[in-house]
Amino acid sequence: MTDAETDTPRLLGTLHAAGTSGFVRLEEYLDAPVGTVWRALTGLSELGAWLGELAGISGEPLAAAPTAGSEYRARYFASGWEGTCRIEACEKRRAIRIATSSEDEPEGLMKITLAPHGTGTLLVFEDHGLPLTNLAAYAAGDQIHVEDLQSHLAGKGRCDARRLWQQLHPLYLQQPTH
């Protein structure tokens with residue numbers, strides 16, 4: 001999201017240290033009811049439309065929406081991240097916790113919670129297990145994924161990830177780590 005007066009992206013996230021690693025926490029109001037947001041996060045065709053390509057571990061198409069205990073391979077459009085995701089926990093329409101692994105990245109844990117907020121939804125996204133030296137880069141990438149979700153919910157296409165990353169990353173580099 002951008003500030004209408006300055007056309008500068010609005011930062012949705014904060015950076016946090018947790019021992020030798022860190023995490024990014026993003027919060028955003030989505031102008032859609034919880035059920036609609038949940039379908040965008042867990043429905044295979046919707047998730048594939050805005051986030052990336054998903055397949056079973058052996059490469060076959062996924063037959064059902066991800067549920068607790070399921071594993072799948074993913075390649076995210078905006079960030080180019082590729083790896084394996086395992087659903088650790090899933091509370092329908094409320095929360096999902098996803099463990100991630102990739103050759104080029106540290107083991108991670110994404111926590112997504114949803115709460116009704118007026119006629120929309122408050123989304124809280126946390127990305128854990130990140131190298132402290134790269135928190136700003138992860139924050140920018142994670143925000144782009146949230147921006148793509150927001151755009152999908154509004155019936156629009158994905159954002160220009162490269163341009164947005166070039167705007168967000170320097171801003172996150174200036175953010176203090178809590």
Side-chain angles (χ1 to χ4, degrees), residues 1-18 21-52 54 65-68 70 74 76-79 81 85-100 108-130 135-161 164-165 167-169 171-172 174-178:
M1 300 293 110
T2 58
D3 180 311
E5 291 180 18
T6 65
D7 200 35
T8 301
R10 179 173 56 88
L11 297 184
L12 306 179
T14 53
L15 314 177
H16 302 267
S21 66
F23 70 96
V24 172
R25 183 178 196 280
L26 294 107
E27 228 179 272
E28 178 64 327
Y29 171 79
L30 303 173
D31 192 19
V34 169
T36 301
V37 176
W38 185 256
R39 280 188 301 280
L41 291 171
T42 61
L44 292 179
S45 62
E46 282 200 62
L47 192 57
W50 69 269
L51 182 60
L54 310 174
T67 58
S70 65
Y76 297 163
F77 297 130
S79 64
W81 180 87
C85 299
R86 182 177 192 288
I87 309 296
E88 298 278 314
C90 185
E91 296 175 50
K92 191 172 182 179
R93 295 181 175 216
R94 181 166 161 14
I96 191 164
R97 196 171 67 232
I98 305 165
T100 61
L109 182 66
M110 294 183 290
K111 299 177 182 179
I112 302 167
T113 58
L114 306 176
H117 190 279
T119 58
T121 302
L122 178 64
L123 172 127
V124 176
F125 175 91
E126 292 183 357
D127 193 356
H128 291 260
L130 306 174
L135 282 179
Y138 281 97
D142 289 340
Q143 179 165 335
I144 292 167
H145 292 305
V146 172
E147 301 268 358
D148 279 345
L149 171 60
Q150 180 83 291
S151 185
H152 171 77
L153 292 169
K156 301 175 184 174
R158 293 185 304 272
C159 66
D160 180 346
L164 189 53
W165 196 89
Q167 292 175 321
L168 290 170
H169 185 243
L171 298 173
Y172 275 115
Q174 298 171 20
Q175 281 259 324
T177 301
H178 303 282

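Keep in mind the model is a prediction, meaning the values are calculated, not measured.
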Peer 1: Hey, are the side chains of P176 and L15 touching, using non-hydrogen atoms and a 4.5 Å cut-off?
Peer 2: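 The answer is no; the side chains never approach within 4.5 Å.
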Peer 1: Would you please test T100 and L109 for side-chain contact (heavy atoms from CB on, under 4.5 Å) and show each step?
Peer 2: CA-CA 6 Å; T100 61; L109 182 66; over 6 Å; no
Peer 1: Flag yes if more than 12 heavy atoms outside R86 fall under 6.0 Å of its CZ atom; otherwise flag no.
Peer 2: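 Buried by this count: over 12 neighbours within 6.0 Å.
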Peer 1: Identify the heavy atoms of A74 and C85 that sit nearest to each other, and give their distance.
Peer 2: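 Taking A74 first and C85 second, the nearest heavy atoms are CB-SG, 4.2 Å.
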Peer 1: Taking all non-hydrogen atoms of both residues into account, name the closest pair between L153 and A40 and its distance.
Peer 2: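 Looking at all heavy atoms of both residues, the closest pair is CD2-CB, 4.0 Å.
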Peer 1: Within a strict 4.5 Å, meaning less than it, do heavy atoms of the L122 and L114 side chains meet?
Peer 2: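 L122 vs L114: side chains apart.
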Peer 1: State whether a side-chain donor-acceptor pair under 3.5 Å links T177 with H16.
Peer 2: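 Note: T177 and H16 side chains miss the donor-acceptor criterion.
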Peer 1: Is there side-chain contact between L130 and S21, with at least one heavy-atom pair below 4.5 Å?
Peer 2: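 Sidechains of S21 and L130: no contact.
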Peer 1: Check A161 against I144 and note the closest heavy-atom contact, atom names and distance.
Peer 2: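 Shortest heavy-atom separation between A161 and I144 comes out as O-CD1, 3.5 Å.
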Peer 1: Name all residues meeting the salt bridge (Lys or Arg N to Asp or Glu O under 4.0 Å) criterion together with R39; count only those two or more places apart in sequence or in a different chain, and write none if there are none.
Peer 2: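 In terms of salt bridge (Lys or Arg N to Asp or Glu O under 4.0 Å), with neighbours along the sequence ignored, R39 is linked to no residue.
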Peer 1: Are V124 and I112 packed together at the side-chain level, in the sense that at least one heavy-atom pair is separated by less than 4.5 angstrom?
Peer 2: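 Answer no - side chains too far apart.
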Peer 1: Atom OG1 of T121 and atom CZ of R93: how far apart are they, to the nearest 0.5 Å?
Peer 2: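 Result: 10.0 Å between the selected atoms.
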Peer 1: Describe, in one word, how the ring planes of H117 and Y29 are oriented to each other, choosing from parallel (under 30°), tilted (30 to 60°) and perpendicular (over 60°).
Peer 2: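 It falls in the perpendicular class, over 60°.
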Peer 1: Identify the heavy atoms of G22 and L135 that sit nearest to each other, and give their distance.
Peer 2: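 Between these two residues, the closest heavy atoms are C-CD2, 3.9 Å.
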Peer 1: Drop me the distance from T113's OG1 to R97's CZ, to the nearest 0.5 angstrom.
Peer 2: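 Separation between the atoms: 12.0 Å.
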Peer 1: How far apart are the C-alpha atoms of L164 and C159, what are their side-chain angles, what is the distance that settles it, and do they pass the side-chain contact (heavy atoms from CB on, under 4.5 Å) test?
Peer 2: CA-CA 8 Å; L164 189 53; C159 66; 3.8 Å; yes
Peer 1: As an exercise, state the distance from OG1 of T42 to CD1 of I96, rounded to the nearest 0.5 Å.
Peer 2: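 One finds 6.5 Å between OG1 of T42 and CD1 of I96.
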Peer 1: At their closest point, which heavy atom of Q175 faces which heavy atom of G13, and how far apart are they?
Peer 2: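 Smallest interatomic distance, heavy atoms only, reads OE1-O, 3.7 Å.
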Peer 1: Among all residues two or more places apart in sequence or in another chain, which pass the side chain to side chain contact (heavy atoms under 4.5 Å, CB included) test with H169?
Peer 2: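 Per chain and number, H169 pairs via side chain to side chain contact (heavy atoms under 4.5 Å, CB included) with A136, A137, A140, W165, L173.
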Peer 1: Say whether, by atom type as modelled, one donor and one acceptor occur between the side chain of S151 and the main chain of G157 under 3.5 angstrom.
Peer 2: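 Yes; at least one donor-acceptor contact below 3.5 Å.
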Peer 1: Any donor and acceptor pair, going by atom type alone, linking the side chain of Q143 with main-chain N or O of L12 inside 3.5 Å?
Peer 2: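 Present.
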Peer 1: Supply the atom-to-atom distance L123 CG to E28 CD, rounded to the nearest 0.5 angstrom.
Peer 2: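 Answer rounded to 0.5 Å: 8.0 Å.
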Peer 1: What pairs with W38 under ring-ring contact (aromatic ring centres under 6.0 Å, His included), at least two apart in sequence or on another chain?
Peer 2: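 Not a single residue meets the ring-ring contact (aromatic ring centres under 6.0 Å, His included) criterion with W38.
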Peer 1: Answer yes or no for R158 and F77: cation-pi contact, defined as NZ/CZ to six-membered ring centre under 6.0 Å and angle to ring axis within 45°.
Peer 2: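 Yes - R158 lies over the ring of F77, closer than 6.0 Å to its centre and within 45° of its axis.
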Peer 1: Quick check for you: to the nearest 0.5 Å, what is the distance between M110 atom CE and E126 atom CD?
Peer 2: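 Here the rounded value is 12.5 Å.
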Peer 1: With the side chain counted from C-beta on, respond yes when F23 and D127 share a heavy-atom pair under 4.5 Å apart, and no when they do not.
Peer 2: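 A side-chain contact under 4.5 Å is absent here.
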Peer 1: Please give me the minimum heavy-atom distance between P9 and L171, naming the atom from each residue.
Peer 2: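 Here P9 and L171 meet closest at O-CD1, 3.8 Å.
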Peer 1: How many angstroms lie between CG in D148 and CG in L51, if you round to the nearest 0.5 Å?
Peer 2: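 Atom-to-atom, D148:CG and L51:CG are 8.0 Å apart.
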